[in-house]
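Below, chains carry the letters A, B, ... as their sequence lines are ordered, and counting in each starts from 1.
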Protein chains: 2
Amino acid sequence: MSITSDLIRGHTDTIILASLINGDSYAYRINRGIYDATSGRYELKEATLYTAFKRLEESGCICSYWGDEETGARRRYYSITNRGRETYKKLINEWSEAKELIERLVIRDTADNG
Amino acid sequence: MSITSDLIRGHTDTIILASLINGDSYAYRINRGIYDATSGRYELKEATLYTAFKRLEESGCICSYWGDEETGARRRYYSITNRGRETYKKLINEWSEAKELIERLVIRDTADNG
DNA sequence: TGAAATACCTTGACAGACGAGGTATAATGT
DNA sequence: ACATTATACCTCGTCTGTCAAGGTATTTCA
């Protein structure tokens with residue numbers, strides 16, 4: 001893990017919702033997906049992961065059910081709700097704006113910048 | 001203020017250091033600069049602002065001195081140190097990487113994403 | 001005279017991230 | 001046979017950054 005978590009902070013929910021947009025999945029697998037998508041450069045800590053799912057379920061963005069695997073460890077599957085999809089869109093827009101603002105703020109080489 | 005602070009969280013120090021790269025300034029003016037640079041869409045809360053300056057000074061990234069204004073409110077000026085400049089470069093690189101990773105993670109529309 | 005702007009600061013609370021610990025099952029290696 | 005690793009879930013307590021709310025003091029302007 002090379003990236004400071006504070007930089008990703010605030011995006012955890014968005015990342016999880018993004019993972020669920022294309023279908024139900026379970027926490028452990030989603031985190032593996034994050035790991036893979038970033039070529040191993042980022043993944044959520046387990047404590048962060050499960051508290052995020054709890055938070056998202058409490059706010060009605062996702063709902064969960066136990067998988068019916070006959071073998072292997074039990075899995076709690078999550079499904080994104082309509083509210084979750086709306087929240088996702090909102091979060092994406094916020095990220096888009098935040099990205100521009102940060103870009104503008106962290107690289108300022110004009111003479112008059114306060 | 002339309003942007004959730006959590007999205008900017010972790011960038012506060014970078015933003016402040018960026019402001020000081022081009023010359024000494026004081027907290028209130030720097031925050032005004034942030035406000036202007038974002039067309040009023042973002043600014044730091046005062047508590048956040050002064051805590052950040054304290055943190056940066058304690059870590060040796062900036063140092064401070066009182067201005068010699070004969071009139072008006074007293075001003076504490078800040079100057080970026082060599083360590084501060086190095087830290088800034090490091091933070092910029094981290095932001096660059098984080099930006100790519102987040103982009104990759106929040107927009108995932110492939111079939112297999114965990 | 002009194003409000004607003006400038007400019008500084010602290011305290012306490014809150015939320016998210018995470019280290020450290022726990023449970024249980026299955027697969028793999030020796 | 002036995003140990004280790006991987007899968008998969010979870011909680012508790014701590015830490016850190018943000019912020020609401022409060023404060024001080026000066027200057028400007030109506």
Practice task
Rounded to the nearest angstrom, tell me the gap between atom NE2 in A:H11 and atom P in C:dA17.
Solution key: 10 Å
Exercise for the section: Report the residues that fulfil ring-ring contact (aromatic ring centres under 6.0 Å, His included) with B:F53, sequence neighbours left out, ordered by chain and then residue number. Expected result: B:Y78
Problem - N/O donor-acceptor pair under 3.5 Å between A:S96 side chain and A:I92 backbone - result: no
Exercise for the section: Identify which nucleotide among C:dC8, C:dA17, D:dC9 has an atom closest to any side-chain atom of A:T12, counting heavy atoms from C-beta outward. Expected result: C:dA17
Problem - Short side-chain N/O contact from A:R74 to OP1 or OP2 of D:dC9, under 4.0 Å - result: no
Problem - Residue pairs, two or more places apart or on separate chains, that pass salt bridge (Lys or Arg N to Asp or Glu O under 4.0 Å) and touch residues 49-58 of chain B - result: B:D13-B:R55
Problem - Separation of atom CG in B:D68 from atom C1' in C:dA7, rounded to whole Å - result: 16 Å
Tabulated below should be each protein N or O lying under 3.5 Å from an N or O of nucleotides 4-6 of chain D; please produce it.
none

Exercise for the section: Apply side-chain hydrogen bond (donor to acceptor under 3.5 Å, both in side chains) to A:S59 and list each qualifying residue two or more places apart in sequence or on a separate chain. Expected result: none
Practice task
Could I get the full list of side-chain hydrogen bond (donor to acceptor under 3.5 Å, both in side chains) partners for A:R76, not counting sequence neighbours?
Solution key: A:S64
Exercise for the section: Can you see which heavy atom on B:G10 is nearest to which on A:L7, and at what distance? Expected result: O-CD2, 3.5 Å
Practice task
Report the nucleotide, chosen from C:dG19, D:dC10, C:dC9, that has the shortest atom-to-atom distance to any side-chain atom of A:E46.
Solution key: D:dC10
Exercise for the section: Tell me, please, which residues at least two apart from A:R85 pass salt bridge (charged side-chain N to carboxylate O under 4.0 Å, His left out). Expected result: none
Completion exercise
Quick note, B:A47 side chain, CB onward, closest among C:dC9, D:dA21, D:dC9 is D:dA21
Problem - Length of the line joining B:L44:CG and D:dT18:P, which is rounded to integer Å - result: 8 Å
Practice task
Go through the structure and list residues passing salt bridge (charged side-chain N to carboxylate O under 4.0 Å, His left out) with B:E103, not counting sequence neighbours.
Solution key: A:K99
Nucleotides 24-27 of chain C: which of its N/O atoms have a protein N/O under 3.5 Å away?
none

Practice task
Report the residues that fulfil salt bridge (charged side-chain N to carboxylate O under 4.0 Å, His left out) with A:E69, sequence neighbours left out, ordered by chain and then residue number.
Solution key: A:R75
Exercise for the section: Please name all residues satisfying salt bridge (charged side-chain N to carboxylate O under 4.0 Å, His left out) with B:R32, sequence neighbours left out, ordered by chain then number. Expected result: none
Exercise for the section: Could you pull out all residues at least two apart from A:E100 that satisfy side-chain hydrogen bond (donor to acceptor under 3.5 Å, both in side chains)? Expected result: none
Practice task
Classify the nucleic acid contact of B:R9 as base, sugar-phosphate or nothing, counting any heavy atom under 4.0 Å across all strands shown.
Solution key: base
Problem - Nucleic acid contacts of residues 50-65 of chain B, taken as heavy-atom distances under 4.0 Å to DNA chain D - result: B:T51, B:R55
Exercise for the section: Report yes if at least one side-chain N or O of A:Y26 is closer than 4.0 Å to OP1 or OP2 of D:dA8; otherwise report no. Expected result: yes
Handout entry: Interatomic distance where CH2 belongs to B:W66 and P belongs to D:dT26 [whole Å]
Key = 13 Å
